[in-house]
Amino acid sequence: MRKFTISIAAACLLAAGSAWAQDKVVFGTNWLAQGGHGGYYQAVADGTYEKYDLEVEIRPGGPQVNNRPMLAAGRLDFLMTGNLLLSFDNVRNGIPTTVVAAIYQKDPQALIAHKGQYASFDDLASAPTVLIGKDGQFSFWQWLVQSKGFQNEQLRPYGFNLAQFLSNETAVQQAYGTAEPIYAAEQGTEVDTFLLADHGYNTYASTIETRQQLIDENPDLVQRFVNASIEGWYNYLYGDRSAAYEAIMAANPEMTMAKLDKEMAQFEALGIIDVGEAIDKGIGAMDSDRIASFYDLAVSNGIIKEGEVDLDKVADTSFVNKGHGLDIKAELTGE
């Protein structure tokens, strides 16, 4: 009888332990900690991941850190990526990763010009100098040339330094809409910001990727991470984000409260995250037809070759589009 009693007690302890056990998850970002990563830091700081039985380590990227291959290698469980071109490239190269959410409904990729120099986006095609980095030359620049009237004669290399742009009032430069406009203003130059997304470049951005193996073997873990991250974003956008700010600044000492506030003001002004499909379907929303539409754009503008990408392997929309977190937004905003 005594042995049976001990067995029952041990079983109860094991059950209690398993109820509190947390799945360890390593999440990589694509750059140093910043405001645009805030929803994830929020979910760590306010206990949202913990609520979903997740112990999440955020592993920042940076100039000397490339987190991208770490996902396929199993060193990361989830990865924050740039836009769909990177996901197309993975599929094209047989790398078994899949997009499970899209935090940015619009890509922050932009062109900037000195304030008032050009009246519209179309006028930028007449600029004598357009500064574009190497990656951009093989992606959105081809779309600008093929579909928007830009000419290769305008192209000049962008070295990710504002000096050349600031010294030339007629120059146009590639920019991240939530970064370079702020940096230019700090140096006394106001700019007009033209999001490529507002003119037809319809990729999602700041997507969450994971390995297809994890989706197949543990879809519940994937769903919990996506749900918790979505809640983190709603709390970050509409609630008290001070704890997330502290975590970001701890991870990246170059950040300050003032810088983070300016960055988030740009996100709101440009309408990057909680817009479009996210309004009804929730943050993270993705549409298969839109992914196919961007694929068609990439093919028709010579960015990728037709037939190179199996679109069925690019994204899995089953983890989003459920309106998850809309109740949090309603509570925080009173709407």
Heavy-atom nearest pair, V309 first then R92, reads CG2-CB, 4.3 Å
What are the two closest non-hydrogen atoms of P60 and T29, and how far apart are they?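 Shortest heavy-atom contact: CA-OG1, 3.2 Å.
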Under 6.0 Å between ring centres, would you say that holds for Y201 and F294?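 Ring-ring flag for Y201/F294: true, centres closer than 6.0 Å.
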Taking the six-membered ring for Trp, are F225 and F319 closer than 6.0 Å centroid to centroid?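 For F225 and F319, the ring centres are not under 6.0 Å apart.
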Test item: [X] side-chain N/O and [Y] main-chain N/O as donor-acceptor pair under 3.5 Å:
X	Y	result
Q105	A285	yes
D77	V26	yes
N218	L214	no

Below 4.5 Å, heavy atoms only, C-beta onward: do [X] and [Y] meet side chain to side chain?
X	Y	answer
T48	Q42	no
L131	Q164	yes
L260	M249	yes
V172	I112	no
L326	Y234	yes

Cationic tip of R290 above Y204 ring, under 6.0 Å, 45° of axis: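 R290 over Y204 ring: yes.
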Testing the 3.5 Å rule here: is there a donor-acceptor pair between the side chains of [X] and [Y]?
X	Y	answer
D240	S242	yes
Y236	D46	no
S293	N202	yes
D316	T98	no
T203	D107	no
N152	W141	yes
T170	N168	yes
N83	Y104	no
E217	Q213	yes

Output for pair (F88 CZ, I303 CD1), nearest 0.5 Å, gives 9.5 Å
One pair to check against side chain to side chain contact (heavy atoms under 4.5 Å, CB included): F165 and Y158. What are the steps and the verdict? CA-CA 9 Å; F165 171 78; Y158 171 47; over 6 Å; no
Carefully, step by step, assess L79 and T210 under the rule side chain to side chain contact (heavy atoms under 4.5 Å, CB included). CA-CA 6 Å; L79 175 69; T210 190; over 6 Å; no
Can you get from [X] to [Y] by hopping between Ile, Leu, Val, Met, Phe, Trp and Tyr side chains that sit under 4.5 Å apart?
X	Y	result
I291	V299	yes
Y49	L221	yes
V56	Y40	yes

Output yes when K329 and E331 qualify as a salt bridge under the 4.0 Å nitrogen-oxygen rule, no when they do not. no
Run T189 and H114 through side chain to side chain contact (heavy atoms under 4.5 Å, CB included) and show every step you take. CA-CA 7 Å; T189 299; H114 288 253; 3.5 Å; yes
Which residue in the set R224, E231, Q223 passes side chain to side chain donor-acceptor pair (under 3.5 Å) when paired with Y52?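 Option passing the side chain to side chain donor-acceptor pair (under 3.5 Å) with Y52: E231.
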Side chain to side chain contact (heavy atoms under 4.5 Å, CB included) for E209 and V99? Distances and angles first, verdict last. CA-CA 4 Å; E209 282 188 357; V99 178; 3.8 Å; yes
